Number of protein chains: 2
Amino acid sequence: MSPRHTDTRQRALDVALELFTEQGYEKTSLREIADRLGIKKASLYYHFPSKEALLAGIMDNLLAPVDELVAWSQTQPRTAETRQEVVRRIAAAVRGPWSRWFQFAQANEPTLRDHQKEGEQMRGRLLGLFTAVVDPDAEPRQQVRSLLALVAVHLGTLAPVTGVLPTFGITAPSEEFRAAAMDVAQELVKDG
Amino acid sequence: MSPRHTDTRQRALDVALELFTEQGYEKTSLREIADRLGIKKASLYYHFPSKEALLAGIMDNLLAPVDELVAWSQTQPRTAETRQEVVRRIAAAVRGPWSRWFQFAQANEPTLRDHQKEGEQMRGRLLGLFTAVVDPDAEPRQQVRSLLALVAVHLGTLAPVTGVLPTFGITAPSEEFRAAAMDVAQELVKDG
DNA sequence: GTCTATAAGTAGATAGAC
DNA sequence: GTCTATCTACTTATAGAC
């Protein structure tokens, strides 16, 4: 066997992730993906048996790093300090390796509701993140606050990137907004 | 002319709203809508010139009540008290007349990004709500807090309805959770 | 107002040559 | 691994009878 096989498979995953995120899974045709790769649509079927297999491949790549953080959090005690550290790590990850995950999930919410397997994978990891931060025995008040802390992180990191800040009527510089969001998140995750 | 024309048009709007919300705009075919109405697909074209016209009709019905609240808020001073009252009114409206709006918008995020006109309508009303609560001259910290207040309302009213609370690892009774969310929202919207 | 029939196009998927 | 060619099953949309 050659030192490595062709990279068409990986390139297909990259292109598909990009298009699924931009346009959604349903609206992206295999022809479109093949065109970008410079191959014919039928040739895609050599690498993936179906469109759904392409989706599954993307998910595997996307969700692996999430599992690491959740696993780590489960070794920690359920304290405000742990929640703060988890929020810090999520905030860091979201700026880097996970950034595409949220965008992809958001753009394909209806699709993931239908494709049972993939939808449950997605929800499973989200649940993992939530339970890493939400104490099931805490007061509802604190549970709401913890959930909102994750939303604040989401807001702080994604909103500047997608350029929707003006849509919210906000004019602050991105970096300042992001810092403020992190600040509020840390506060929310404390007991109160 | 008869005292009123047939109600097929309005029934079509109702059915379409329901299906678009459940399955998304793209995945709902005109045949499906027609089937539920007990007519043939082609007959739908008598009432609406295109699928997109159906979407537009739904939007008009959905967005009218939002405008009222935004208009009212613009007559008020930009104080923490006003923000609290706006949040109260949004919370009340979301439980009733607007409940379908959020579900519809969330289920059709990708679609609304493509259909320029409808997407901008939707974003316009959202911006209206945001600016009713976010003071453009406030600190980024307070802006984040105000945004999260709206999210808290969203969480408190929608989450119990859709039954996703367990997905968040939360076991509290719906009503208790909703009350806690409103509580946190009111707190976030204060100066701090 | 509703029907049948059908146009015109695109989707995902398969067979088999090279 | 990639190609050409083709299939079936849709989709939105139109024309014209009743």
Side-chain angles (χ1 to χ4, degrees), chain A residues 1-59 107-108 110-119, chain B residues 1-17 19-20 22-59 107-108 110-119:
Chain A
M1 47 217 167
S2 51
R4 53 174 177 182
H5 4 130
T6 63
D7 61 344
T8 301
R9 192 193 138 89
Q10 185 55 46
R11 288 203 307 128
L13 288 173
D14 294 340
V15 168
L17 171 58
E18 194 180 331
L19 291 177
F20 289 172
T21 302
E22 274 174 17
Q23 316 176 334
Y25 174 81
E26 316 285 353
K27 298 196 62 177
T28 302
S29 66
L30 294 182
R31 205 187 66 81
E32 215 173 346
I33 295 171
D35 278 356
R36 281 225 196 172
L37 290 172
I39 66 176
K40 294 297 173 185
K41 181 181 60 165
S43 304
L44 263 179
Y45 281 87
Y46 175 82
H47 302 280
F48 301 92
S50 70
K51 190 185 184 185
E52 196 166 2
L54 211 41
L55 182 62
I58 289 174
M59 299 273 294
N108 291 283
T111 301
L112 292 172
R113 216 183 305 158
D114 281 17
H115 292 69
Q116 277 205 350
K117 186 187 141 209
E118 284 76 18
Chain B
M1 47 213 166
S2 52
R4 54 176 175 183
H5 3 132
T6 62
D7 61 342
T8 302
R9 192 194 138 89
Q10 185 54 46
R11 290 202 305 129
L13 287 173
D14 293 341
V15 167
L17 171 58
L19 290 176
F20 289 172
E22 274 174 18
Q23 315 175 333
Y25 175 80
E26 316 286 353
K27 297 197 64 178
T28 302
S29 69
L30 294 183
R31 205 186 66 82
E32 212 172 349
I33 296 171
D35 278 355
R36 281 225 197 172
L37 291 172
I39 65 176
K40 293 298 174 186
K41 180 185 60 167
S43 304
L44 263 178
Y45 280 90
Y46 175 82
H47 302 280
F48 301 91
S50 70
K51 190 184 184 184
E52 196 165 2
L54 209 42
L55 183 62
I58 288 174
M59 300 271 296
N108 291 283
T111 301
L112 292 171
R113 216 184 305 158
D114 281 17
H115 291 70
Q116 277 204 351
K117 186 187 141 210
E118 284 76 18

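The shown structure was predicted, so the numbers you read here are calculated from the model rather than taken from an experiment. Proteins come first, then strands; the chains are lettered A, B, ... in the order of their sequence lines, and each starts at number 1.
- Residues satisfying the side chain to side chain donor-acceptor pair (under 3.5 Å) test with B:Arg11, not counting sequence neighbours, are none.
- In plain terms, the two heavy atoms of A:Arg113 and B:Glu22 that are nearest each other are NH1-O, 2.9 Å.
- Of all non-hydrogen atoms in A:His47 and A:Thr8, the two that sit nearest each other are NE2-CG2, 3.4 Å.
- With rounding to whole Å, A:His47 atom NE2 is found 6 Å from D:dG1 atom C1'.
- Close to C:dT2, at under 4.0 Å from its OP1 or OP2, lies no side-chain N or O of B:Tyr46.
- For A:Glu26, the salt bridge (Lys or Arg N to Asp or Glu O under 4.0 Å) partners at least two apart in sequence or on another chain are B:Lys27.
- Between the CD atom of A:Gln23 and the C1' atom of C:dA11 there is a distance of 14 Å, given to the nearest Å.
- Taking atom CZ on B:Phe48 and atom P on C:dT2, their separation rounds to 12 Å, with Å as the unit.
- Taking 4.0 angstrom as the limit, A:Thr8 places a side-chain polar atom (N or O) nearer than this to OP1 or OP2 of D:dT2.
- Ion pairing between A:Arg36 and A:Glu18 holds under the 4.0 Å rule for side-chain N and carboxylate O.
- Atom C1' of nucleotide C:dA11 and atom CG of A:Leu54 are separated by 15 Å, given to the nearest angstrom.
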Below 3.5 Å between N/O atoms, which protein atoms pair up with nucleotides 12-14 of chain C? Just atom names and distances, please.
residue	atom	partner	partner atom	Å
C:dG12	OP1	A:Lys51	NZ	2.8
C:dG12	OP2	A:Leu30	N	3.0
C:dG12	N7	A:Lys41	NZ	3.0
C:dA13	OP2	A:Tyr45	OH	3.1
C:dA13	OP2	A:Lys51	N	3.0
C:dA13	O5'	A:Tyr45	OH	3.3
C:dA13	N6	A:Lys41	NZ	3.3

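- Atom-to-atom, CZ of A:Arg11 to P of D:dG1 comes out at 12 Å; the value is rounded to the nearest Å.
- Atom CG in B:Leu44 sits roughly 11 Å away from atom P in D:dA13 (whole-Å rounding).
- A straight line from NZ of B:Lys40 to P of C:dC3 spans 7 Å, rounded to a whole angstrom.
- The only member of A:Leu13, A:Leu30, A:Ile33 that meets side-chain contact (heavy atoms from CB on, under 4.5 Å) when paired with A:Phe48 is A:Leu13.
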